[in-house]
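Only heavy atoms go into these numbers, but all of them, side chains included; no hydrogens, no water, no symmetry mates. In this text, all values refer to a predicted model and were calculated from it rather than measured experimentally.
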Amino acid sequence: MRTNDAQMLVLSALADGPLHGYAVNTAVERMTGTRLGRGSLSGALARLRDKQLIEYLPGEGRRRPVRLTAEGRRVLGRELDALADVAGQLFETVVPDRIAYQERLNGTDQARAYQQVLLDALDARPGHHLLDWGCGTGAALPALARAATSRGRLLGVDHDPDMVRRAAGSAAGLPGTAVLRADVHRLPLAPGSADRIRTDRLLQHLADPAAALAEAHRVLRPGGRLVAAEPDWDTLAVDHPDPVLARAFTRHLTDRIVRNPLIGRQLPRLAAAAGLAVRAVVPVTPLYRDVREADRVLGLHRNTERAVEAGYLSREQARRWLDHLAHGPFLASVTVLVTTAEKP
């Protein structure tokens, strides 16, 4: 029995005790947001009774209560255990540490695709003074150092001391390269001291992106360039037979998980307000066809659990959501916007 069919919904509705037919459908609606059709409900009840998974209690007409049999409870428990087992094998249930997450994301084909667009737009040249804001583990430092050559300078900047230590290891041996622990809202750098600023997925996390962009304007020389890659999390699309569940997952992510979820679309406006001239905005849409790969980036299971706790999904909706992601063909995408802006 599949966990997303009418029979499973009825079994789940009866888990807390006996209900009559109308109340069963009310419970189903509470779990899923929709009611079963009259034929679907009556058919499910008849099939479950034939399988001896439910039994009717004394009563009359449609208000006759129905409850799970002992076998019905065993079947329901077995289905839920099977789904939990699949989820445990397929999805991450533990939040990865920041360094592990950064390294895995930078190693995906999806990240490499937009990061190449970012690097091309940066147009770093020999002799340039480069800043890598939010350098993280330092994955981009070798390519930036090659572009600047020994004639230029490269400074990786991050606020996290663990990231700075890891990035310093990546910077070791690179000509003219150093790593600084600092806040991009207030940099200990002279005005007009940078030719290029690169930033990848940093602004979505900042307390004040507008202040950071004002700081970019301050430290760039006239003609200097900022190139930023930022996701627009409102564009996250996950295929599911029930689009209401997919929308609820995305809405929870934008409401509760990401500090600045719409920064991708907002960045050109904010950059212009900071005095930068926006030269280009290039959308790149990474696509995921493998649920394991997507889960390692999107945290499908753990963010579903958070959505349940926050009231965006019921427990039954979360079960149906994850069941399809685990068993059905998978497709998800989210758009990253690469914005190029220059100081006049």
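Partners of Arg186 according to the salt bridge (Lys or Arg N to Asp or Glu O under 4.0 Å) rule, which considers only residues two or more places apart in sequence or in another chain, are Asp183. Remark: Asp120 pairs with no residue by the salt bridge (Lys or Arg N to Asp or Glu O under 4.0 Å) rule, at least two apart or across chains. Among residues two or more places apart in sequence or in another chain, the salt bridge (Lys or Arg N to Asp or Glu O under 4.0 Å) test is passed with Arg153 by none. Not counting sequence neighbours, the partners of Asp109 by the salt bridge (Lys or Arg N to Asp or Glu O under 4.0 Å) test are Arg112.
For Arg289, the CZ atom sits in a loose shell: 12 or fewer heavy atoms of surrounding residues, nucleotides or ligands are nearer than 6.0 Å. For CD of Glu71, the number of neighbouring non-hydrogen atoms (other residues, nucleotides, ligands) closer than 6.0 Å is greater than 12.
Taken together through direct or relayed side-chain contacts under 4.5 Å among Ile, Leu, Val, Met, Phe, Trp and Tyr, Val338 and Ile197 form parts of separate hydrophobic clusters. Linking ILVMFWY residues whenever their side-chain heavy atoms come closer than 4.5 Å, directly or via other members, places Leu48 and Leu68 in the same cluster. Grouping the Ile, Leu, Val, Met, Phe, Trp and Tyr side chains by contacts below 4.5 angstrom, directly or via other members, places Val10 with Val75.
Atom OG1 in Thr304 sits 9.0 Å away from atom NE2 in His252 (nearest 0.5 Å).
Under the ring-ring contact (aromatic ring centres under 6.0 Å, His included) criterion, no residue pair touches residues 120-142, with sequence neighbours excluded.
Between the side chains of Arg296 and Tyr288, no donor-acceptor pair of N or O atoms lies under 3.5 Å. Residues Gln317 and Asp242 bring no donor and acceptor atom of their side chains to less than 3.5 Å of each other.
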Exercise answer: donor-acceptor pairs, residues 264-280 side-chain atoms, under 3.5 Å, sequence neighbours excluded:
residue : atom : partner : partner atom : Å
Arg265  : NE   : Asp232  : OD2          : 2.6
Arg265  : NH2  : Asp232  : OD1          : 3.1
Arg265  : NH2  : Asp232  : OD2          : 3.1
Arg265  : NH2  : Asp234  : OD2          : 3.3
Arg279  : NE   : Glu342  : OE1          : 3.2

